[in-house]
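Structure, as structure tokens:
No hydrogens, no waters, no symmetry mates; every other heavy atom, side chains included, goes into these values. Letters A, B, ... are given to chains in the order of the sequence lines, protein chains preceding strands, and every chain is numbered from 1.
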Number of protein chains: 2
Amino acid sequence: MSSRALPYRPHNHAACVSQALAEAKAICQQQNARLTPTRERVLELIWQSHKPLGAYDVLAKLTSEGHNAAPPTVYRALDFLQQYGLVHRIASLNAFTGCTHAGEHHTGMFLICRACGNVLELMESSVTTAIENAASAEAFQPEAITLEVAGLCPGCQTDQHHE
Amino acid sequence: MSSRALPYRPHNHAACVSQALAEAKAICQQQNARLTPTRERVLELIWQSHKPLGAYDVLAKLTSEGHNAAPPTVYRALDFLQQYGLVHRIASLNAFTGCTHAGEHHTGMFLICRACGNVLELMESSVTTAIENAASAEAFQPEAITLEVAGLCPGCQTDQHHE
DNA sequence: CTGCAAATGTTATAATGTTGCAAATCTTGC
DNA sequence: GCAAGATTTGCAACATTATAACATTTGCAG
Ligand SMILES: [Zn+2]
Ligand SMILES: [Zn+2]
Ligand SMILES: [Zn+2]
Ligand SMILES: [Zn+2]
């Protein structure tokens, strides 16, 4: 899988988005899942934004481009995209972000900058292992891990005075 | 600090609650914070429930006992209790649970049973360290960690057929 | 007592997410 | 191609969670 630019580093974002879409198409084809136009457009809108988008943000964008959309339109698309591992929901933000490791079986760890709003998704097996060990010690059988770290990204640490 | 019974193990829950309240009073006194009757009652209601309570669950209980309460009443009490580390908000449930390590500086890790709804709060330095190391490797400065693990508690693993 | 700050009451509203059902669209076997 | 069934979408209403704004009351210091 290709490496991706960090969200807060300058990069060709259009290419970054279209690559994500291409991968999504491939994943859906492989799993016999239908990446319909609405679903694809929702995924694209989420990818175009570096910061996680709320469901109603997505809805507003769809509406503004003439799509006759209502909340269920968006939530259904988001459910689909989550189901196939193409987006993640960030519980602490009530928002959605494109998965940067789609297709790879993983539990994401999210570094969320409280200043600029950018989110970096990591895949750290050492963290996952530590969590699973801690759960095992309590005889707990984990199924889904929500791990969201709020703080300051490298670019915003020196910018503290801008707050 | 006293050890606490696991939530899904039978125990004297009234004692468990009153101990938590006594500790809360001590903590507030030490910090010159006012644990007013409403705040104390909200904390008690949350502790009395083994499962995390939603803000509107708390509101309903207050209302049912004659308290003239509105949503801000509850949210303000919850804000206060969170601020002094007496309750935690579980982002993946939009609900609140009593902190079992109040007074100890910690980041909680929550094991949430999807079958019975009980939540166990752990304090695992190995997990916290792994997370901080992963953040450091990205030059990210963590401030708050949300770690919630959904799965099956020991008691519910054999009960799968009851679902 | 007086004046200030903290806490609470009260009303309204914002933000987020769901249910239920009908219409349209796609797929599949023939 | 075509009918039957499954999936997806449109649409309206509703449910849940959280906050804003401002008036009133309460606790406390001087
Ligand atoms: Zn991911
Ligand atoms: Zn930043
Ligand atoms: Zn805690
Ligand atoms: Zn359980």
Side-chain angles (χ1 to χ4, degrees), chain A residues 24-25 28-43 45-46 49 51-84 86-97 117 146 148, chain B residues 24-25 28-29 31-46 49 51-84 86-97 117 146 148:
Chain A
K25 274 177 205 170
C28 286
Q29 202 149 35
Q30 210 163 18
Q31 314 213 9
N32 270 320
R34 292 169 53 198
L35 189 61
T36 62
T38 303
R39 291 166 175 174
E40 186 176 349
R41 184 69 185 125
V42 168
L43 180 59
L45 287 169
I46 287 176
S49 164
K51 309 173 190 188
L53 281 185
Y56 279 75
D57 296 332
V58 174
L59 177 57
K61 299 204 186 222
L62 285 181
T63 301
S64 80
E65 51 191 45
H67 190 301
N68 195 351
T73 309
V74 175
Y75 282 103
R76 286 193 285 227
L78 290 170
D79 285 348
F80 172 89
L81 295 170
Q82 279 184 269
Q83 196 176 333
Y84 287 93
L86 303 174
V87 306
H88 293 285
R89 179 171 192 275
I90 310 290
S92 58
L93 299 177
N94 293 336
F96 300 83
T97 192
T146 299
E148 301 168 11
Chain B
K25 275 177 204 169
C28 287
Q29 202 149 34
Q31 313 213 10
N32 269 321
R34 291 170 53 200
L35 189 60
T36 62
T38 303
R39 291 166 175 173
E40 185 176 348
R41 185 67 185 127
V42 169
L43 180 58
E44 189 175 12
L45 287 169
I46 287 176
S49 164
K51 308 173 191 187
L53 281 184
Y56 280 74
D57 296 332
V58 174
L59 177 58
K61 298 203 186 224
L62 285 181
T63 301
S64 80
E65 51 191 45
H67 189 302
N68 195 352
T73 309
V74 174
Y75 281 102
R76 287 195 283 230
L78 290 171
D79 284 349
F80 171 88
L81 295 170
Q82 280 185 269
Q83 195 176 332
Y84 287 93
L86 302 175
V87 306
H88 292 286
R89 180 173 191 275
I90 310 291
S92 58
L93 299 177
N94 293 336
F96 300 83
T97 192
T146 299
E148 301 169 11

Would you say the side chain of A:R76 and the base of C:dG17 hold a donor-acceptor pair, judged only by whether the two atoms sit under 3.5 Å apart?
-> no
Is the shortest side-chain N/O distance from B:Y75 to OP1 or OP2 of D:dT19 below 4.0 Å?
-> no
Between D:dA18, C:dT10, D:dC11, spot the one nearest the side chain of B:A55, thanks.
-> D:dA18
So among A:L78, A:D57, A:V74, which one has a side-chain contact (heavy atoms from CB on, under 4.5 Å) with A:F96?
-> A:L78
Any side-chain N or O of B:R39 less than 4.0 Å from the OP1 or OP2 oxygen of C:dA7?
-> yes
Heavy-atom nearest nucleotide on DNA chain C taken for B:P71 and for A:R89; more 5' hit belongs to B:P71
Does A:R39 use its side chain to pair, donor to acceptor, with the backbone of A:R34 at less than 3.5 Å?
-> yes
Ignoring the backbone of B:P72, work out which of D:dA20, C:dT16, D:dA12 is nearest its side chain.
-> D:dA20
Residue closer to the 5' end of DNA chain C, B:A70 versus B:R34 (nearest nucleotide) | B:R34
Taking only side-chain nitrogens and oxygens of A:T36, does any of them come within less than 4.0 Å of OP1 or OP2 of D:dT9?
-> yes
Checking A:E148 side chain against A:A91 main chain: does a donor-acceptor pair fall under 3.5 Å?
-> yes
How long is the line joining CD of B:Q82 and C1' of D:dT17, in whole Å?
-> 14 Å
Please state how far atom CG in A:L93 lies from atom P in D:dT17, giving the value in whole angstrom units.
-> 19 Å
A:N32 CG to C:dC26 P, straight-line distance once rounded to whole Å = 16 Å
Rounded to the nearest Å, what distance is computed from the CG atom of residue B:D79 to the C1' atom of nucleotide D:dA18?
-> 10 Å
Just wondering, are more than 12 heavy atoms of other shown residues or ligands nearer than 6.0 Å to CD in A:Q82?
-> yes
What integer distance in Å separates A:H67:NE2 from D:dT9:P?
-> 8 Å
Give the rounded distance in Å between these two atoms: CG of A:L35 and P of C:dC26.
-> 14 Å
A:L78 has an atom CG; how far is it from atom P of C:dT16, in whole Å?
-> 13 Å
Are more than 12 heavy atoms from other residues, nucleotides or ligands located less than 6.0 Å from atom CD of A:Q30?
-> no
Output yes when at least one side-chain N/O atom of B:T38 is less than 4.0 Å from OP1 or OP2 of C:dA7, else no.
-> no
When the distance from CG of A:L53 to C1' of C:dA15 is rounded to whole Å, what number comes out?
-> 15 Å
Does OP1 or OP2 of C:dG17 have a side-chain N or O of A:N94 closer than 4.0 Å?
-> yes
Which of these nucleotides, D:dT9, D:dA18, C:dT16, is closest to any side-chain atom of B:Y56?
-> D:dA18
A:N68 side-chain N/O to D:dC11 phosphate OP1/OP2 under 4.0 Å = yes
